[in-house]
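These notes are about the structure you will find just below.
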Amino acid sequence: SVLHVVNARGEVLVSKVVAAGSENRFENGAPYQVRIGYASGAKVSLDGVDVPLEGHIQNRTAQLTVGGQ
């Protein structure tokens, strides 16, 4: 999958191909703009709670805002 995460200040925290089963953690920057290419099987969580990707996937890419609500 391709993971791209931008924090509330517009700083790109990660923008790279990530291996299946890998984990990326971010602190103190919510809300995060998250884009996951080839999102099938990807999982997103915030403070230990899963964030559903259903409804955020179009053409195999998930785009959503996480946190800060």
Side-chain angles (χ1 to χ4, degrees):
S1 294
V2 177
L3 176 63
H4 183 83
V5 179
V6 178
N7 68 14
R9 293 180 297 280
E11 300 167 328
V12 176
L13 302 178
V14 64
S15 186
K16 65 179 182 177
V17 174
V18 294
S22 65
E23 184 175 298
N24 291 268
R25 292 176 180 249
F26 308 100
E27 294 182 4
N28 303 323
Y32 301 101
Q33 298 296 316
V34 179
R35 186 171 64 231
I36 306 169
Y38 302 101
S40 178
K43 294 182 180 180
V44 174
S45 64
L46 178 65
D47 297 329
V49 177
D50 288 342
V51 176
L53 293 180
E54 296 82 25
H56 297 285
I57 298 176
Q58 190 171 43
N59 296 326
R60 299 184 293 183
T61 298
Q63 287 191 230
L64 64 155
T65 301
V66 179
Q69 287 88 352

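All values derive from a computational prediction rather than experimental measurement. In this chain, residues are counted from 1 in sequence order.
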Show, in sequence, the C-alpha distance, side-chain angles and deciding distance for L13 and Y32, and conclude whether the side chain to side chain contact (heavy atoms under 4.5 Å, CB included) test is met. CA-CA 9 Å; L13 302 178; Y32 301 101; 3.6 Å; yes
Next on the checklist: With a sphere of 6.0 Å drawn around CD of Q58, does it hold more than 12 non-hydrogen atoms of other residues, nucleotides or ligands?
Outcome noted: no
For the CG atom on D47, are there more than 12 heavy atoms of other groups (residues, nucleotides or ligands in this structure) within a distance under 6.0 Å? no
What are the two closest non-hydrogen atoms of [X] and [Y], and how far apart are they?
| X | Y | answer |
| --- | --- | --- |
| N7 | G29 | CB-O, 3.4 Å |
| H4 | S15 | ND1-OG, 2.9 Å |
| A19 | S22 | O-OG, 2.7 Å |
| T65 | Q33 | OG1-NE2, 2.9 Å |

- Cluster question for you: counting only ILVMFWY and a side-chain heavy-atom cut-off of under 4.5 Å, with indirect links fine, are F26 and L46 together? yes
Donor-acceptor pair, distance only, cut-off 3.5 Å: does the side chain of N59 make one with the backbone of T61? no
Rounded to the nearest 0.5 Å, how far apart are OG of S1 and NZ of K16?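 Reported value, rounded in 0.5 Å steps: 12.5 Å.
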Check your understanding: Does any non-hydrogen side-chain atom of V44 lie less than 4.5 Å from one of L53?
Key -> yes
Can you give each donor-acceptor pair under 3.5 Å made by side-chain atoms of residues 34-41, sequence neighbours left out, with the distance rounded to 0.1 Å?
none

Margin query: Could you check whether E23 pairs with R25 (Lys NZ or Arg NE/NH1/NH2 to Asp/Glu carboxylate O, under 4.0 Å)?
Written below: yes
N24 and V5: CA distance, side-chain angles, deciding distance, side chain to side chain contact (heavy atoms under 4.5 Å, CB included) verdict = CA-CA 10 Å; N24 291 268; V5 179; over 6 Å; no
Steps toward side chain to side chain contact (heavy atoms under 4.5 Å, CB included) verdict (V18, V2): CA-CA 6 Å; V18 294; V2 177; over 6 Å; no
